[in-house]
Participant: 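Got a structure for you, questions after.
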Amino acid sequence: MQGTLYTGGTIYTMEPGVSVVEAVLVENGRIQAVGKRAELAKDAEKVVDLEGKTMLPAFIDSHSHLMGVANGMLQVDLAEASSFGEVKERIENFIRENQVPKGKWVLAKGINHGNLKEKHLPEKAFLDGITAEHPLLIQHTSGHSGVLNSMGLAELGITETTPDPEGGRIDFGTGLLEENALIQNMDKFPLPTGAELVSAFEKAQHLYASKGITTVQEGMFVEQIKGIYNMLYEQNRLWLDVVAYMDLKNSPELIDAFPSCKGEYDHHLKVGGYKVLLDGSPQSKTAWVTKPYTDGTKGYPMLSDEELEPLVERAVREQQQLLMHANGDAAADQYLRVYEKVMKKWGPGIRPVLIHGQIMRHDQVKELARLGITPSFSLLMCTIGAMCIWKIWAWNEQDVSAL
């Protein structure tokens, strides 16, 4: 064996009985053995001294959106902005450094009004002061709302008389779009080139790897991103393991889009199961709750029990793991209620997950345990820009054949 021996630090295996070892022997990217240095050294061609550092198994991402992270590499990052002044500076720097031509969209992600000195989102007039030569969108960290400048509103055809869509709200005076008012306009934003996306996916994978994460989740695989994933799969562009959860409500046949990846990895891609959305975001006051927000609203559900039950039943019947986006306690109640009903008919066994659970009651946590539903608590929501994948990734073979 011509392996590499890692030793000289604290090495955790996370295995009972042998939780700490002296050395790890690796060959061709795979761990071959763990144990005492003296026993493994004879099979090592190279020794890496950890110099007292700690070594442990890589992390598994419990919920994120790789496509959103990659997409975010092509946008202005406002996640760390602490004031309107810093928002302006970051956007102006992006336009200058990327030589964005006049008339081209500028998209910014991750702004959190709670982190801003001003404690509220910038409005249209402020964005007009940043640029009147580019359509501009700044998206809230939740992914459920955004603010546009005047040119951006005009590009989307939004005027003072544009009606609110069902499940969304437009405030023309401030430039604010909420929920479906934003989501339904996503297909009007320009597509990145294939080369830009390839580069962005490479950068995104390096970002995950730099944090010790080697198994990544595509937490809402919608029909519109199938083309780019076909390209990544066929050209073997993924080098981290990616687990995809398919949009059960809107694209129920996506589960068969990558037949060789169902339940197992092929070219670092695995279809892990299904995903369903039950509500929105507490940051945008669209998470479905039992007690009202300060403005008297309670958010709203995305599905009725009658619509949800056949979706849950399909996942249980097919023994596909089911991830359910439920932020508010009313949404969690619905998941618990419907899943228990279906489980009594078909039995358990799919390792269901409740994603986010930002507003949950103590009694619901006990119910999750009783029903075998794993909570994946997360405050990230779509910070990484995942909502920007909705309705815009319509790739065809010509788009990617030259890459």
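All residue numbers in this chain count up from 1 along the given sequence. All values below come from the heavy atoms of this structure, side chains included, with hydrogens, waters and symmetry mates left out. The model shown is predicted, which means the values in this text are computed figures rather than measured ones.
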Participant: Between the side chain of Lys298 and the main-chain N/O of Thr290, is any donor-acceptor distance below 3.5 Å?
Facilitator: yes

Participant: For Tyr293, is the OH atom crowded, meaning more than 12 foreign heavy atoms sit under 6.0 Å from it?
Facilitator: yes

Participant: Check the pair Val312 / Lys341 against side chain to side chain contact (heavy atoms under 4.5 Å, CB included), numbers first and verdict last.
Facilitator: CA-CA 10 Å; Val312 176; Lys341 181 178 179 181; over 6 Å; no

Participant: Please step through side-chain hydrogen bond (donor to acceptor under 3.5 Å, both in side chains) for the pair Asn327 and Gln358, ending with a clear verdict.
Facilitator: CA-CA 5 Å; Asn327 259 308; Gln358 291 192 61; 3.1 Å; yes

Participant: Enter the distance from Ile138:CD1 to Leu121:CG here, rounded to the nearest 0.5 Å.
Facilitator: 6.0 Å

Participant: Kindly give the heavy-atom pair with the smallest separation between Lys109 and Gln75, and that separation in Å.
Facilitator: CB-OE1, 3.2 Å

Participant: From Leu278 CG over to Gln334 CD, what is the distance, rounded to the nearest 0.5 angstrom?
Facilitator: 5.0 Å

Participant: Taking everything shown except Arg169 itself, do over 12 heavy atoms lie less than 6.0 Å from its CZ?
Facilitator: yes

Participant: With sequence neighbours left out, write down each residue that passes side-chain hydrogen bond (donor to acceptor under 3.5 Å, both in side chains) with Glu179, or none if nothing qualifies.
Facilitator: His144, Thr286

Participant: Does Glu92 reach the side chain of Ile130, with side-chain heavy atoms less than 4.5 Å apart?
Facilitator: yes

Participant: Could you check whether any side-chain N or O of Gln99 sits under 3.5 Å from a backbone N or O of Arg96, counting only pairs where one atom can act as donor and the other as acceptor?
Facilitator: no

Participant: Donor-acceptor check, side chain of Ser251 to backbone of Leu254, threshold 3.5 angstrom: yes or no?
Facilitator: no

Participant: Can you check whether Arg237's main-chain N or O pairs, donor with acceptor, with Gln205's side chain at less than 3.5 Å?
Facilitator: yes

Participant: Think Lys124 forms a cation-pi with Phe172, using NZ or CZ under 6.0 Å from the six-ring centre and within 45 degrees of its axis?
Facilitator: yes

Participant: Does some side-chain heavy atom of Val316 sit less than 4.5 Å from a side-chain heavy atom of Met343?
Facilitator: no

Participant: Under the 3.5 angstrom rule, does the side chain of Gln139 hit a backbone N or O of Leu107 as a donor-acceptor pair?
Facilitator: no

Participant: Tell me which one of Leu368, Ile355, Val353 satisfies side-chain contact (heavy atoms from CB on, under 4.5 Å) with Pro375.
Facilitator: Leu368

Participant: If you take all heavy atoms of Ile170 and Ala181, which pair is closest and at what distance?
Facilitator: CG1-CB, 3.7 Å

Participant: Give me the atom names and distance for the closest heavy-atom approach of Tyr335 to Pro352.
Facilitator: OH-CB, 3.3 Å

Participant: Taking the side chain as everything from C-beta on, heavy atoms only, tell me whether Ser62 gets closer than 4.5 Å to Phe377.
Facilitator: no

Participant: Apply side chain to side chain contact (heavy atoms under 4.5 Å, CB included) to the pair Leu182 and Leu137, showing each step before the final yes or no.
Facilitator: CA-CA 10 Å; Leu182 177 64; Leu137 165 70; 4.2 Å; yes

Participant: Quick check for you: to the nearest 0.5 Å, what is the distance between Ile255 atom CD1 and Cys261 atom SG?
Facilitator: 11.0 Å

Participant: Assess the residue pair Leu303 and Val276 against the criterion (side chain to side chain contact (heavy atoms under 4.5 Å, CB included)); give the C-alpha distance rounded to whole Å, side-chain angles, the decisive distance to 0.1 Å, and a yes or no.
Facilitator: CA-CA 10 Å; Leu303 297 169; Val276 175; 3.7 Å; yes

Participant: Angle class for the Phe258/Phe221 ring planes (parallel below 30°, perpendicular above 60°, tilted otherwise)?
Facilitator: perpendicular

Participant: Rounded to the nearest 0.5 Å, what's the gap from OH on Tyr6 to CG on Asp49? Could you check?
Facilitator: 12.5 Å

Participant: I'd like to know if the side chain of His120 reaches the main chain of His113, judged simply by a donor and an acceptor atom lying under 3.5 Å from each other, with no hydrogens or angles considered.
Facilitator: no

Participant: Return the orientation label for the His356 and His63 ring planes: parallel under 30°, perpendicular over 60°, tilted otherwise.
Facilitator: perpendicular

Participant: Ignoring hydrogens, what is the shortest heavy-atom contact between Val216 and Ser64? Give both atom names and the distance.
Facilitator: CG1-OG, 4.4 Å

Participant: Do the non-hydrogen side-chain atoms of Lys285 and Glu178 ever get within less than 4.5 Å of each other?
Facilitator: no

Participant: Would a distance-only check, ignoring hydrogens and angles, find a side-chain to backbone donor-acceptor pair under 3.5 Å from Asn149 to Gly152?
Facilitator: yes

Participant: Test your reading of the model: is there a side-chain donor-acceptor pair from Ser145 to the backbone of His140, 3.5 Å cut-off?
Facilitator: no

Participant: For Lys275, is there an ion pair with Asp247 - N to carboxylate O distance below 4.0 angstrom?
Facilitator: no

Participant: Got more than 12 heavy atoms from elsewhere within 6.0 Å of NZ, Lys117?
Facilitator: no

Participant: Are there more than 12 heavy atoms of other residues, nucleotides or ligands under 6.0 Å from atom CG of Leu56?
Facilitator: yes

Participant: So, Arg90 versus Asn93: side-chain donor-acceptor pair below 3.5 Å or not?
Facilitator: no

Participant: If we only count heavy atoms from C-beta on, is the Arg37 to Val47 side-chain gap below 4.5 Å?
Facilitator: yes

Participant: Drop me the distance from Met151's CE to Glu133's CD, to the nearest 0.5 angstrom.
Facilitator: 8.0 Å

Participant: Crowded around Glu80 CD? As in, over 12 foreign heavy atoms under 6.0 Å?
Facilitator: no

Participant: Got a sec, which residues hit side-chain hydrogen bond (donor to acceptor under 3.5 Å, both in side chains) with Ser260, two or more places apart in sequence or on another chain?
Facilitator: Tyr233, Asp266

Participant: To the nearest 0.5 Å, what is the distance between NE2 on His65 and CD on Gln217?
Facilitator: 7.5 Å

Participant: Any heavy-atom pair between the side chains of Lys211 and Phe59 that's under 4.5 Å?
Facilitator: no

Participant: Given the side-chain rings of Tyr229 and His267, with only the six-membered ring counted for Trp, is the space between their centroids under 6.0 Å?
Facilitator: no

Participant: Hey, is the main chain of Glu22 close enough, under 3.5 Å, to the side chain of Thr7 for a donor-acceptor pair?
Facilitator: yes

Participant: Is it the case that the side chain of Gln32 and the backbone of Leu25 share a donor-acceptor pair, with hydrogens and angles ignored and the cut-off at 3.5 Å?
Facilitator: no

Participant: Does any non-hydrogen side-chain atom of Asn180 lie less than 4.5 Å from one of Glu166?
Facilitator: no

Participant: Would Leu323 and Met220 satisfy side chain to side chain contact (heavy atoms under 4.5 Å, CB included), going step by step from the backbone distance to the final call?
Facilitator: CA-CA 9 Å; Leu323 274 56; Met220 183 62 160; over 6 Å; no

Participant: Quiz question: by atom type and distance under 3.5 Å, do the side chains of Gln364 and Asp333 form a donor-acceptor pair?
Facilitator: yes

Participant: Could you walk me through whether Glu318 and Arg314 pass the salt bridge (charged side-chain N to carboxylate O under 4.0 Å, His left out) test, one step at a time?
Facilitator: CA-CA 6 Å; Glu318 296 177 3; Arg314 173 173 172 167; 2.8 Å; yes

Participant: Taking all non-hydrogen atoms of both residues into account, name the closest pair between Ala326 and Leu354 and its distance.
Facilitator: O-CD2, 3.7 Å

Participant: Taking all atoms of both residues into account, what is the closest heavy-atom pair of Trp239 and His268, and its distance?
Facilitator: O-CE1, 3.7 Å

Participant: With a 6.0 Å cut-off (strictly less than), is the heavy-atom count around CZ of Arg370, excluding the residue itself, greater than 12?
Facilitator: yes

Participant: A side-chain contact here means heavy atoms from C-beta on lying under 4.5 Å apart; do Val147 and Pro122 qualify?
Facilitator: no

